[in-house]
Amino acid sequence: MKNRLIVQKFGGTSVGSVDRIRAVAEQVIKTKEQGNQVVVVVSAMSGETNRLQGLAYEVDSVPSSRELDVILSAGEQVTIALLAMTLDKLGYKATSLTGWQAGIVTDDTHNQATIQSVDNEKFDQLLNDDQIVIVAGFQGVNQAGAITTLGRGGSDTSAVTLAGLLGANECQIFTDVDGVYSCDPRVVESALKLEHVDFDDMQTMAKYGAKVLHEPCVEFAAKHNLNIRVLSSFSPKQGTLVTRLQSKKNVCGLALQRDLSRLIVNLDKAGQIAMQCQLLGIAVHSQKAEYLIVNNSDVSKLLQISSEDVSIVEPISALTIVGAELEEVHLDVLPQLLAKDIKVLDSFRCDRVVKLLLLPEHLNRAANFIHAQYIEQSHSVAKDKKALIL
Ligand code: ADP
Ligand code: ASP
Ligand code: MG
């Protein structure tokens, strides 16, 4: 009988030190000893990708997207080697593979690439030789052989895509919280752990800022009907299963975005600038006739092309309520926030979301208030457990 294949992914905090890598190795060994074949995907050690990005931006405020991929992909290469060495020391056969070595071929979109294929034969050979295969997350190569990365947080997508392309029986995402919550538990202490979450809700939560999973990985999982289990790498708890659900909650959760800038532009110029953004690969989060909202990291690039049309650049945050039938919630929430002295700069409702634009200093207070009002009150779940956060 063929062994079960499990793909396990460990994020930055989970591999943040040599001691933590040892704990990851023990977790991997446990899975292997249960008779499974194991492919492990790892991120860079925590803080490392930010450090590398900082170096690149010190040299150039708009670095070449090709060279940015070369530098950003370096962090994962360190982790795969450290984990392979640790497993070797513990008496297990392990081989580390960079994206290129694993035959992970992507499209040409530097900094935001999509995986197209993987070298299945290479994996089969190593797994049949009883090896634990350790793959660098977040990276691949395009057809021309240039290194590409999948966007910040992209190791989740490496893991889920590999699980799909290799026909794995299970994909487990180990992280620094013990599952998906109704809001970031670092912001809302009383956030509720979701035992199950629907693909669509999870994808929307991820799209609007719940960084516990990278949005493209949920999109891939939904398309291929591949369940994802989100677990803590530091506790044996059940975690959350991301899957297809028949019945969905009215208000599923809140997602928060902090690293945004609002650019006030000359009237009616926003549409034109948004088109230029599309050509440059800059994501526009919201747009009205007189403003655009983009990630902070894209502001320099945007100003290079259209600074004469931009009058003000200001930090802004977004809080998105994810759920169904949110019309009433939308009407109700605005005066309620006003009564709490929380200024809503703008708000929108579309496809299962209500999005509120807020001053950054109001974001946490608004999240706690909205969570208490619209999520805790409508759930009968006992609030007995606090989130496990590392
Ligand atoms: P990793 O390094 O393991 O990939 P990330 O930092 O990318 O971990 O994602 C985990 C973090 O996501 C958590 O520490 C938590 O602060 C944040 N987070 C945001 N929204 C949620 C949510 N709804 N449920 C759980 N965690 C969330
Ligand atoms: N190391 C990359 C990042 O920090 C990818 C990841 O951690 O998923 O964005
Ligand atoms: Mg992540």
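The structure presented is a predicted model; accordingly, all values stated were derived computationally and were not measured. Every number for a ligand or one of its atoms is a count from 1 in the order of the listing.
Heavy-atom proximity to R152, at under 4.0 Å, picks out these atoms of ligand 2: 3 (C), 4 (O), 9 (O). In summary, the atoms of ligand 2 found under 4.0 Å from a heavy atom of S43, numbered by their order in the structure, are 6 (C), 7 (O), 8 (O). The distance from ligand 1 to the heavy atoms of D176 drops below 4.0 Å at these ligand atoms: 10 (C), 11 (C), 13 (C), 14 (O). Less than 4.0 angstrom separates some heavy atom of Y181 from each of these atoms of ligand 1: 22 (C), 23 (N), 24 (N), 25 (C). For ligand 1, the atoms lying closer than 4.0 Å to a non-hydrogen atom of V180 are 24 (N).
Side chain to side chain, T243 and H196 fail the donor-acceptor criterion of an N or O pair below 3.5 Å. A donor-acceptor pair shorter than 3.5 Å cannot be found between the side chains of T148 and D69. Counting only N and O atoms by type, the side chains of Q276 and S306 include no donor and acceptor under 3.5 Å apart. Between the side chains of N295 and D259, no donor-acceptor pair is found at a separation under 3.5 Å. At a cut-off of 3.5 Å, with distance as the only test, no side-chain donor of D341 or H362 sits close to an acceptor on the other residue.
Distance alone, capped at 3.5 Å, is enough to place a donor-acceptor pair between the T240 side chain and the L194 backbone.
The closest heavy-atom contact to atom 25 (C) of ligand 1, among the options A44, G179, A210, comes from G179.
Remark: distances from the non-hydrogen atoms of K9 to ligand 1 include one below 4.0 Å. Contact analysis puts G153 in contact with ligand 2, with a non-hydrogen atom separation below 4.0 angstrom. Within the structure, the closest approach of A255 to ligand 1 does not fall below 4.0 Å when heavy atoms are considered. Residue-ligand proximity: S43 is placed with every non-hydrogen atom at 4.0 Å or more from ligand 1. Heavy atoms of G154 approach ligand 2 to within less than 4.0 angstrom. Not close to ligand 1: S14, with no non-hydrogen atom less than 4.0 angstrom away.
Taking distance alone, with nitrogen or oxygen atoms compared against 3.5 Å, R186 approaches ligand 1 more closely than that limit. Considering backbone and side-chain N/O of F138, none are found under 3.5 Å from N/O of ligand 2. For a threshold of 3.5 Å applied to N or O pairs, the pair formed by S155 and ligand 2 contains at least one separation below that value. Geometrically, ligand 1 and D184 share a nitrogen or oxygen pair separated by less than 3.5 Å.
L166 pairs in a side-chain contact (heavy atoms from CB on, under 4.5 Å) with only one of the listed residues (D124, V133, V39), which is V39.
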**Q.** Residue pair V28, F10: steps toward the side-chain contact (heavy atoms from CB on, under 4.5 Å) verdict
**A.** CA-CA 10 Å; V28 170; F10 295 88; 3.9 Å; yes
Q) What's the verdict on side-chain contact (heavy atoms from CB on, under 4.5 Å) for D184 and V212, showing C-alpha distance, side-chain angles and the deciding distance? A) CA-CA 8 Å; D184 186 341; V212 63; over 6 Å; no
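Under 4.0 angstrom from ligand 1, the non-hydrogen atoms of P185 all belong to its side chain.
Closest to atom 1 (N) of ligand 2, if we only count protein heavy atoms, is E76 OE2, 2.6 Å.
A salt bridge links D129 and K93; the closest N-O separation between the charged side-chain nitrogens and carboxylate oxygens is under 4.0 Å. Remark: E33 does not engage K30 in a salt bridge, criterion side-chain N to carboxylate O under 4.0 Å.
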